[in-house]
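Here is the structure we will look at.
Basis for what follows: all heavy atoms, side chains included, without hydrogens, waters or symmetry-related copies.
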Amino acid sequence: KPDDVPEDLLRRLIEAANQAPTASNNQNTRWIIVRDADQKQKLADLNREARLNAYGTPEPATDPAMVRRQAASKWHTENLQHVPAHFIACIEFENQPPDTYRGGVGTGGSVWPAVQNLLLAARAEGLGTVMTTPQAGVVETLRAELGIPDHATPVAMIPLGYPTERFGPVNRRPADEFIHWDGWSG
């Protein structure tokens, strides 16, 4: 729903997010919270462009689960500008890490736990969220639109608002389908 989310609640979500561990305790996750209608429209347009560049136009699905995912993705793409708030998770660097696996793991170790905390705290408050990353294909445009300095990198956008429909427990496959004991084949 397009109902505004109170600023004190948005701040509490960031407080919860910032309780997450960071690589070497750098505490270098930064947040931009976008509520301005013009800025939200720009983010929605950028997201549409990025999704099209990343995924193209998918063939219509026939599998019921994929049909639901495509419908949710389509709704998200068409309605992002109406969501009350967007959190842009950024990571700030003293020195940009090398573009290597190790550099990426260190970066992720600083931002993804905070993003997860934000998602869980929002859900506990009855808010719907989703972490999106297709805007990774338009980082420089996103950086320019939001005034993000060169020593910081946006890594995820998290639209946040009150759900329009049922908001209950999520459906997940059993953990045993994902566990490998003492090695991949175990």
Side-chain angles (χ1 to χ4, degrees), residues 4-36 38-40 42-51 53-55 76 80 83-162 170 172 175 178-180 182-184:
D4 286 340
V5 177
E7 188 170 311
D8 66 314
L9 178 51
L10 298 174
R11 287 178 185 279
R12 285 197 318 267
L13 295 176
I14 294 298
E15 288 292 337
N18 287 346
Q19 298 305 305
T22 58
S24 301
N25 197 28
N26 284 328
Q27 300 180 46
N28 56 344
T29 300
R30 301 294 181 261
W31 301 94
I32 299 171
I33 303 174
V34 177
R35 298 178 296 172
D36 176 78
D38 291 338
Q39 287 293 77
K40 291 190 302 182
K42 289 176 186 176
L43 289 177
D45 294 343
L46 271 175
N47 187 68
R48 254 190 289 315
E49 175 188 340
R51 290 181 76 76
N53 290 342
Y55 307 120
H76 178 267
L80 200 58
V83 174
H86 298 271
F87 288 78
I88 310 299
C90 300
I91 187 153
E92 185 175 36
F93 300 104
E94 288 181 24
N95 301 300
Q96 286 284 350
D99 189 15
T100 63
Y101 175 79
R102 185 174 178 178
V105 168
T107 300
S110 287
V111 73
W112 300 131
V115 167
Q116 178 68 4
N117 276 15
L118 180 96
L119 297 172
L120 292 172
R123 184 156 183 91
E125 294 284 352
L127 294 162
T129 63
V130 63
M131 183 186 79
T132 65
T133 58
Q135 62 279 359
V138 292
V139 166
E140 293 311 314
T141 306
L142 184 62
R143 187 187 300 279
E145 289 292 342
L146 297 176
I148 300 170
D150 289 341
H151 63 276
T153 301
V155 296
M157 181 170 63
I158 303 146
L160 175 136
Y162 296 100
V170 295
R172 296 292 185 258
F178 305 100
I179 297 172
H180 301 274
D182 300 319
W184 190 265

Please report the shortest heavy-atom distance between [X] and [Y], naming the atom on each side.
{"X": "Gly126", "Y": "Tyr162", "result": "O-CD2, 4.2 Å"}
{"X": "Asn117", "Y": "Gln19", "result": "ND2-C, 3.9 Å"}
{"X": "Gly161", "Y": "Val5", "result": "CA-CG2, 4.3 Å"}
{"X": "Ala114", "Y": "Ala20", "result": "N-CB, 3.4 Å"}
{"X": "Pro154", "Y": "Cys90", "result": "CA-SG, 3.8 Å"}
{"X": "Leu80", "Y": "Leu43", "result": "CD2-O, 4.3 Å"}

Salt bridge (Lys or Arg N to Asp or Glu O under 4.0 Å) involving [X] - partner list, sequence neighbours excluded:
{"X": "Asp4", "value": "none"}
{"X": "Glu145", "value": "Lys42"}
{"X": "Glu7", "value": "Arg11, Arg35"}

Side-chain contact test, heavy atoms from C-beta onward, threshold under 4.5 Å: evaluate it for [X] versus [Y] and give yes or no.
{"X": "Leu10", "Y": "Leu160", "value": "yes"}
{"X": "Arg30", "Y": "Ile88", "value": "no"}
{"X": "Phe87", "Y": "Val115", "value": "no"}
{"X": "Val155", "Y": "Thr133", "value": "no"}
{"X": "Glu92", "Y": "Asn26", "value": "no"}

Working note: Arg143 + Asp150, criterion side-chain contact (heavy atoms from CB on, under 4.5 Å); need CA distance, chi angles, decisive distance, verdict. CA-CA 8 Å; Arg143 187 187 300 279; Asp150 289 341; 3.9 Å; yes
Backbone N/O of [Y] and side chain of [X]: donor-acceptor pair under 3.5 Å:
{"X": "Ser110", "Y": "Ala23", "answer": "yes"}
{"X": "Lys40", "Y": "Val34", "answer": "no"}
{"X": "Arg123", "Y": "Thr129", "answer": "no"}
{"X": "Asn28", "Y": "Phe93", "answer": "no"}

With a 4.0 Å cut-off on N to O distance, would you call Glu15 and Arg12 a salt bridge?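 Result for this pair is no, no salt bridge flagged.
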Evaluate side-chain contact (heavy atoms from CB on, under 4.5 Å) for Leu13 paired with Leu127, printing each intermediate quantity in order. CA-CA 11 Å; Leu13 295 176; Leu127 294 162; 4.0 Å; yes
Measuring from Thr29:OG1 to Leu118:CG, what's the distance to the nearest 0.5 Å?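 The CG atom of Leu118 is 11.0 Å from OG1 of Thr29, to the nearest 0.5 Å.
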Thr22 OG1 to Ile91 CD1 distance, which is reported to the nearest 0.5 Å: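 The OG1 atom of Thr22 sits 8.5 Å away from the CD1 atom of Ile91.
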